[in-house]
Number of protein chains: 2
Amino acid sequence: MTVNIKDVARVAGVSVSTVSRALGEGPVSAEVREQVQAAVRATGYKPNLSARRLRSQRTQTIGLIVADIRNPFFTAVGRAVEDAAYRAGMRVILCNTDEDPAREALYLTLMQEERVTGLIFAPTRATLDRLQADALDFPMVLIDRAGPGGQFDTVLLDNREASATLVDHLVSRGYTRIGGLFGATSTTGVERRDGYLAAMAARGLTGEARFVPPSAEAAENAAAAWLRQPDRPQALLVSNGLFLTGVVKAARTLGLRIPHDIAVAGFDNEPWTELVEPGLTVIEQPVETIGREAMALLFQRLRTPDAPTRKVVLSGRCVARGSTAALPRT
Amino acid sequence: MTVNIKDVARVAGVSVSTVSRALGEGPVSAEVREQVQAAVRATGYKPNLSARRLRSQRTQTIGLIVADIRNPFFTAVGRAVEDAAYRAGMRVILCNTDEDPAREALYLTLMQEERVTGLIFAPTRATLDRLQADALDFPMVLIDRAGPGGQFDTVLLDNREASATLVDHLVSRGYTRIGGLFGATSTTGVERRDGYLAAMAARGLTGEARFVPPSAEAAENAAAAWLRQPDRPQALLVSNGLFLTGVVKAARTLGLRIPHDIAVAGFDNEPWTELVEPGLTVIEQPVETIGREAMALLFQRLRTPDAPTRKVVLSGRCVARGSTAALPRT
DNA sequence: AATTTTTGTGGAAACGTTACCACTAAGCAC
DNA sequence: GTGCTTAGTGGTAACGTTTCCACAAAAATT
């Protein structure tokens, strides 16, 4: 049926082992290498990666498990990971969990069955607790979410700092009654909440944090309910880019003007955050760097399996826009 | 090292073939199946997918080659494809070409080496011409872009109709000097251009179409140059969601109000198109359906390889918003 | 010149599965 | 009871590679 290395060997007039060496590395005379390459062209031979992986015990595959590729943060990180992987001659298997622990478990065993070289994972809090390093046969790098203790290599944003930056920014613009909307399923949400509460407390303010399920709709509903209250906050700190669409939509629906009736500050510097009037103040995450750094950590771990685990904490960049314009003195 | 089927067989006290049958399908006594499952649990056995694929000659893998997963259209389609695939017990290999024919060729041979069961592909015009069905060892479904003649199964938007709908909409709102901005590398851009020109001609209007490379920056630059002209159009028809961000940004930079100074209508109903004032009029593509339908076509092709090829043409939905508000009578 | 090392090659044994074949024992029809 | 099917099982040959080993010839070292 399909042409294999044996056919190439026959056409080239050499042994299969020579063909294998000629295609990979290994001592082969220039002359023979020519012949083999000619035979490959003549026969249209394409190596069978399953066979290669089985025999060599190297899959050259890395797994990437994220909540939802439609979340622009993960899209960008995913793209960076893929680029780095393909540049290193590796493939990527991408899985979406929708923050569902059951699916996380499912995909985790899939990764085992694929015998991936390594895994990049953004787990929910629920599975984070269940993860034991020794249960996996490959190194794992956590992104966006941190585990307890230095159990795994990790790369994430300095979430506490980022939240504090936003709080500082809002306070400096005159806002004091600031609410916070955070994702319920990730440690990211918790960290951002903590940073927010700490920064508020440091300024003698009391914050109110609310947690919502990880979807734009949930955020919209929560924001709508909150903003309908007579004692609604003056400003809302919003934990991610998905939520931001929901919050802005809720404000629009209720006829509230940004920032006049409600100021908004959030995370993820998506292109549209600049375009929606009056521009949304956001923390820009170094998404490319996160993806690349995760791959770098993975490769280093593969090279030196017993090195101490590393946690790369990256700082966000605050992009101030009209959604947090200074509150007029009353 | 890692536990294999032989180990399980030994622990369960049966032969390897029995273990294989017990895990897959095949006649196995209930009693033995129990024992095998117990042995699997005891040993922590995880089947090796490379071996399974090599032996069974079924990879259960489908390839997905798109321009850029960061383009929200492809993100959504990709997500739908993945869901359908994983539901069918299949894996997905995702590749980004950035509309680069060289990378398309690279990934096409990768798909061959992976021995994928099938491929879903959004090719550039350049490779579309080069594609010969007989050169591939697996069925391929084209999405978003159509090849010449019914050579491949295809699922895409009715681009001509969609463009015409937008033109009609703009004309009915009083616009006559309407320009069009289209993607240069895809048939999609060409089809939308054709539909636009035809609809303009049908109304006795002359259109002007410009092609740009597939990036938001390119669209922004092109739009800025265009809108700086004294005889700039009253309205712009914009070929995709990526371009839309660029066009809106260009308008903002030049201080042009939408729709007062420049009306905008485009493609892809992203969440933010509703949020950017005064709301962008867009054609909403049935992205989920496109992904699902592509998978469906693929599975049907696998079942009946010799059936005539099918082309599924889906209609877009026009979502009218403020960016095309009626032109005041002068 | 004798030796050791290097280079290039072929044969064959893996890698971990599944699928084919052969076989036994049991069930069923006559 | 004889034949015939069927369920359940084990042995073993693939699947298409890479890698180990052996070996010859050439090159380098002594």
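We name chains A, B, ... by the order of the sequence lines, and we start the count at 1 in each one. Just so you know, these numbers use all the heavy atoms, side chains as well, and skip hydrogens, waters and symmetry mates.
By the 4.0 Å N-to-carboxylate-O rule, B/Asp83 lies close enough to B/Arg79 to be salt-bridged with it. The existence of a salt bridge linking B/Arg91 and A/Glu114 is confirmed by a sub-4.0 Å separation between a basic side-chain nitrogen and an acidic carboxylate oxygen. The pair B/Glu82-A/Arg70 does not meet the salt-bridge criterion, since no charged nitrogen lies less than 4.0 angstrom from a carboxylate oxygen.
Inter-residue side-chain proximity for B/Val36 and B/Val14 is flagged as met; some heavy-atom pair is nearer than 4.5 Å. In this structure, the side chains of B/Val19 and B/Lys6 stay at 4.5 Å or more apart for every pair of heavy atoms. Looking at heavy atoms from C-beta onward, A/Leu131 lies in side-chain contact with A/Phe121 at the 4.5 angstrom threshold. Using a 4.5 Å heavy-atom threshold, the side chains of A/Pro286 and A/Glu293 count as separate.
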Between the protein and nucleotides 13-23 of chain D, which nitrogen or oxygen pairs are less than 3.5 angstrom apart?
from	atom 1	to	atom 2	distance (Å)
D/dA14	N3	B/Arg55	NH1	2.7
D/dC15	O2	B/Arg55	N	3.4
D/dT17	OP1	A/Tyr45	OH	2.9
D/dT17	OP1	A/Asn48	N	3.2
D/dT17	OP2	A/Ile5	N	2.7
D/dT17	O5'	A/Tyr45	OH	3.0
D/dT18	OP1	A/Arg52	NE	2.9
D/dT18	OP1	A/Arg52	NH2	3.4
D/dT18	OP2	A/Ser20	OG	2.7
D/dT18	O2	A/Arg55	NE	3.3
D/dT18	O2	A/Arg55	NH1	2.7
D/dT19	OP1	A/Arg58	NH2	2.6
D/dT19	O4'	A/Arg55	NH2	3.1

Protein-nucleic acid N or O pairs under 3.5 Å, nucleotides 4-8 of chain D:
none

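Two end axes, each from the C1' atoms of five base pairs, can be drawn for the helix from C/dA1-D/dT30 to C/dC30-D/dG1; they diverge by 30°, to 10 degrees.
More than 12 heavy atoms of other shown residues, nucleotides or ligands fall within 6.0 angstrom of atom CD in B/Gln37. Within 6.0 Å of atom CD in B/Glu113, more than 12 heavy atoms from other residues, nucleotides or ligands are found, so the atom counts as buried in its surroundings.
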Next on the checklist: side-chain contact (heavy atoms from CB on, under 4.5 Å), that's the test. Do B/Leu119 and B/Leu108 meet it? Break it down for me.
Outcome noted: CA-CA 9 Å; B/Leu119 175 65; B/Leu108 233 28; 3.6 Å; yes
